[in-house]
Amino acid sequence: MAGRGPGDSARGCSQDNTCRGERNYSCSSSSDLYSSLGLKDFDFLGDTSVAEEDTDSAILYGTLRGSIVGLRYYTGIVNNNEMVALQREPNNPYDKNAVRVNNVNGDQVGHIKKELAAALAGIMDNKLAVVEGIVPYGAKNSFTMPVELSFWGREENKEAVLDQLKRHGFKLAPSLKGSEYGFGSRWISGRAGPSYSAPVHAAVPLTTEQLKGEFDKLFEDLKEDDKTCEMEAAEAIGTLLLPHQKLALGWMVSRENTNDLPPFWEERSNFYYNTLTNYAEKKRPKNVLGGILADDMGLGKTLTTIALILTNFRDGKPLPVEKITSDKFYEEPAANSTNSVGRGLCKDSSNVMEPGVSNVKKFRTTALKYPSCLPKRDKAKKPRHLGNSDLEESEEWLLQPTETTSCVNQEDPGFVSVPLPSSGCLKRQRKRKGTASVQSVEKKYSDDGPRATLIVCPLSVLSNWIDQFEQHIHRDFDVKIYVYYGSDRSKDPSVLSEQDIVLTTYNILATDYGIRGDSPLHKVKWLRIVLDEGHTIRNPNAQQTKAALSLEGHRRWVLTGTPIQNSVKDLWSLISFLKLKPFTDREWWHRTIQRPVTMGAPGGLGRLQSLIRSITLRRSKASQVKGTPILHLPERKVLIQYVTLTEEERQIYQSVKNEGKATISRFFSEGNVLAHYADVLGVLLRLRQICCHPHLCINTSASFSNDNRTPEELHVRLVSKMKLVLSSGSDEECAVCLESLTLPVITHCAHVFCKPCIFEVLRNEQPNAKCPLCRNELQVEHLVECPLEEEVDSSSGKKPDGEWISSSKINALMHALIELRRDNPAAKCLVVSQFTTFLSLIENPLKESGFAFTRLDGSMAQKKRVEAIRCFQSNQAGSATIMLLSLKAGGVGLNLTAASRVFLMDPAWNPAAEDQCFDRCHRLGQKHNVVITKFIVKDSVEENILKIQNKKRELAAGAFATKKPSASDVKQNKINEIKALIDL
DNA sequence: ACCGCCGGGTGCC
DNA sequence: ACCGCCGGGTGCC
């Protein structure tokens, strides 16, 4: 067991007293406000207020010499200069003030002498300060030993702490100048005489930007580092790896098979010694057999990971999977499939059929109808380095498909339904039982060690993983993959443990874990655990983080393109997941890495760097391998196509604009623009919609005045306000933390913040909290949460009925599409808009002109999305050439490389959102130059949005150099944006 | 001696 | 603990 520091026990308490999941916004008086905050899912709020969480603003109050007593009763031993942890023991039967002392490993060393403990108890219990200890000398003593205590906390608590100590007859000495006291390396022993040098108020704290910069520099060094060499993937990988992927594979395999000591450990005279904490033990500390693959998006982390799974089972030997060496014919379909249809049809085992299953992916019947087509379908797709390609040529397909009709899709007889693994619980079984056809490789599951690799990913990339399995695992290999998702997922751990790969999502992981003792995922000892988009667990208090941390398996990997989002803090969960001693305990992470880095202590950053260096690999798109760029993406061009409105459209536009401008001018003259933010956004939204199509803005003219009636009405209004604000795309960042929104909530005054941020404001400004943006009254019961994962579109849900009418913009689009089809019939394009209703309108002319199109928006269920993506990415004749795409649909990892043209129908407020969308087709795998056309209505709000985009781009480019804008900057900026947008 | 002093027993919180 | 503290044994020089 890892050691428990004081923080652990504190957290433990607050959680135990918390009924999580209670979500009750009934009115609460301000006195019980905070307890009610704690009662929601914010059990960490209590912690953020204390110094321990808040190391960024913690200062050192001073130090004090005390003694640890009762050594002889406990087994925990320490070295001179070793860090120790103090832990309150309020239930100690002899003294309720007891403070126990643990060594780095969590073994009890002794207690703080009672007189001192009496002084510390209050300080620790009220979280006025964090108290840390180092044993300067006397480690060999048998009864008592000295301990140097340091006190850390917020400036405003300093007096209270000094008072409390004084009451018990103690006085803090200033910390020694020049020593690295508290940063854990050397304690300069000797009497801490009264030296009156100024207290070290830390060096220069680093800003987030500086840290990011330092991090990039750190990774720079890694690029040309030739510590690993390229490695070929096992033959079961049907895709040739690119050089940088082979390099990553080599690195990952070497990480998994390493025998090295973990970072900051040395062998010293039969002991293993931690150089950060000075802790030593006889047992050799385990290194992570894994690490962080932090390559940029699009470099192939997924493929590399699949290669790792198949290439390194044990000691660099490939995963023993069944391989078909001679193919006679197919006898029986997958064992547990309810297959009555695919018999004989499914040479391609991935297409095991389950009639009646509603979640289906589609394949052109042409691909399946005549079995001999199957190998072709493969060959066109992927390069092979397999020696047995001749085998495929000789494959004989003796059986004809039977009963195919029952799996023909009703809506489109051209498609055959095949079960989609991502939904329901079901597996892509590559099982091929043919008596004479399968060469059994070794024993399969009877090995004593674990076999299965668990992959956890966000739901949005689940289908990407499945696609990549399909694409990259050679079809001649029987890799058992189980998608653990959906209500019918197996509760039987042994079903999971006999797979080669189990794929699941963070939500499933967390949900299962929440049901105590009933998580099959937590009963399996995994060969390997992979967290994709690993930064999703950066909040240490989130259920999914806890669930991920308690998975069992020695090889542990984190895949992420953004290892650091906001601060070094983000790294803790990842490092903790990797089970690197002693960082699994947050106290040691804090004391040895996080605080030294954020306070700019000498060597702090260096420490972090050597830690990161030893466990991560990161390449950017611009990185080079042996002098050549790892990625050479085709060119990407952005064109702006101006559109002129018709007379009629212009009239509508002008009248709405004049009215809106008058309203907004009034707000300006009254000086309360931000208080009417929702109304302002409403006006702008309508203008943006008219630019696309005048029909879009019917029904959205609801006023947002606050003369509210019933609470229910108010709530409905707030929800619609928030949808408006979020769909406006203007509030990509929270004005409190100035980062992108996490868990957005909307205030009564229609301003959107991160939930934790605004709750912090509430707590600090009790009882008269004001909105940080407009100083309106802030009440917790008026905060409304964003409906999760739901596509926000203020105009969604209404289907324009009757005859449809075109618009200038649609005309411009259709003109371009038809021209494109004439010049290059095979070209595929994305038609992107922020308004799903607009996409619906566009469907009309597409049908009229006979385009084969598909659609992807946020309201679609996962299975529908997968279908849409497959249909679009397919290179079959007759597949969709156009995809109607809502700007924010899907997550990172969405792969739409079939498209070489993008038509952006309306500009987004935030250019990053556009860029992210473009990246979905302009990424690894794109063969053509990509041309992006942005339609912009002349003399309209859209032109102004372009200006704002440019401003934002400049700002982003200089973000590392300049200081963070203040909240008032953000405010002013918003006002300026409004002015610019409405021509004021 | 309702003291001092001696020396053995003892020992965290 | 090569300490302090406790409490019993003891008692001029």
Side-chain angles (χ1 to χ4, degrees), chain A residues 1-14 16-17 50 52 61-153 160-173 187 189-193 277-281 585 587-588 591:
Chain A
M1 263 327 258
R4 294 182 63 80
D8 287 305
S9 70
R11 279 191 297 279
C13 289
S14 71
D16 292 342
N17 302 331
V50 310
E52 200 228 318
Y61 298 158
T63 67
L64 180 63
R65 173 67 58 89
S67 50
I68 308 173
V69 297
L71 300 182
R72 64 164 157 161
Y73 300 100
Y74 308 101
T75 53
I77 54 163
V78 291
N79 289 302
N80 287 343
N81 299 314
E82 183 172 332
M83 293 181 168
V84 289
L86 272 61
Q87 182 185 12
R88 276 282 287 124
E89 262 184 356
N91 296 324
N92 187 299
Y94 305 95
D95 181 0
K96 60 177 171 40
N97 293 325
V99 176
R100 78 177 253 187
V101 180
N102 301 326
N103 70 9
V104 176
N105 199 36
D107 303 323
Q108 181 165 9
V109 177
H111 280 103
I112 293 292
K113 205 166 156 51
K114 61 177 180 297
E115 293 79 7
L116 181 52
L120 295 185
I123 294 171
M124 294 174 74
D125 292 344
N126 296 317
K127 303 188 175 180
L128 295 175
V130 164
V131 190
E132 298 176 350
I134 290 182
V135 173
Y137 57 86
K140 299 259 180 311
N141 295 359
S142 7
F143 304 102
T144 69
M145 60 172 70
V147 61
E148 204 67 33
L149 302 178
S150 52
F151 294 72
W152 300 83
V161 170
L162 295 184
D163 269 12
Q164 163 84 352
L165 288 169
K166 199 172 175 184
R167 267 199 299 272
H168 289 82
F170 297 101
K171 195 177 168 205
L172 290 187
W187 167 246
S189 81
R191 280 230 60 83
T277 59
N278 296 320
Y279 172 78
E281 63 182 342
D585 189 312
E587 175 171 355
W588 306 119
R591 290 176 65 173

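Throughout, a chain's letter reflects where its sequence line sits, starting with A, and its residues are numbered from 1. Basis for what follows: all heavy atoms, side chains included, without hydrogens, waters or symmetry-related copies.
Taking A/Asp95 as the reference, nothing meets the side chain to side chain donor-acceptor pair (under 3.5 Å) condition, with sequence neighbours excluded. Residues satisfying the side chain to side chain donor-acceptor pair (under 3.5 Å) criterion with A/Asn79, sequence neighbours excluded, are A/Glu82. Looking at residues two or more places apart in sequence or on another chain, you find a salt bridge (charged side-chain N to carboxylate O under 4.0 Å, His left out) between A/Glu281 and A/Lys581. For A/Arg167, the side chain to side chain donor-acceptor pair (under 3.5 Å) partners two or more places apart in sequence, or in a different chain, are A/Gln164.
Residue pairs satisfying the ring-ring contact (aromatic ring centres under 6.0 Å, His included) criterion with at least one member in residues 63-100 of chain A, sequence neighbours excluded, are listed as follows: A/Tyr74-A/His111.
Using C1' as the reference atom, B/dG8 and B/dC12 are 22 Å apart when rounded to the nearest Å. One P atom belongs to B/dC13, the other to B/dG9, and the distance between them is 23 Å to the nearest Å.
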Please write out each protein N/O paired with an N/O of nucleotides 11-13 of chain B under 3.5 Å, distance rounded to 0.1 Å.
from: B/dC12; atom 1: OP2; to: A/Tyr73; atom 2: OH; distance (Å): 2.2
from: B/dC12; atom 1: O2; to: A/His111; atom 2: ND1; distance (Å): 2.8
from: B/dC12; atom 1: N3; to: A/Tyr74; atom 2: OH; distance (Å): 2.7
from: B/dC13; atom 1: OP1; to: A/Lys114; atom 2: N; distance (Å): 3.2
from: B/dC13; atom 1: OP2; to: A/Lys114; atom 2: NZ; distance (Å): 3.4
from: B/dC13; atom 1: O3'; to: A/Asp95; atom 2: OD2; distance (Å): 2.6
from: B/dC13; atom 1: O2; to: A/Asn92; atom 2: ND2; distance (Å): 3.3

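The partner of B/dC3 is C/dG11, by the rule that a Watson-Crick or G-U pair needs both atom distances under 3.5 Å.
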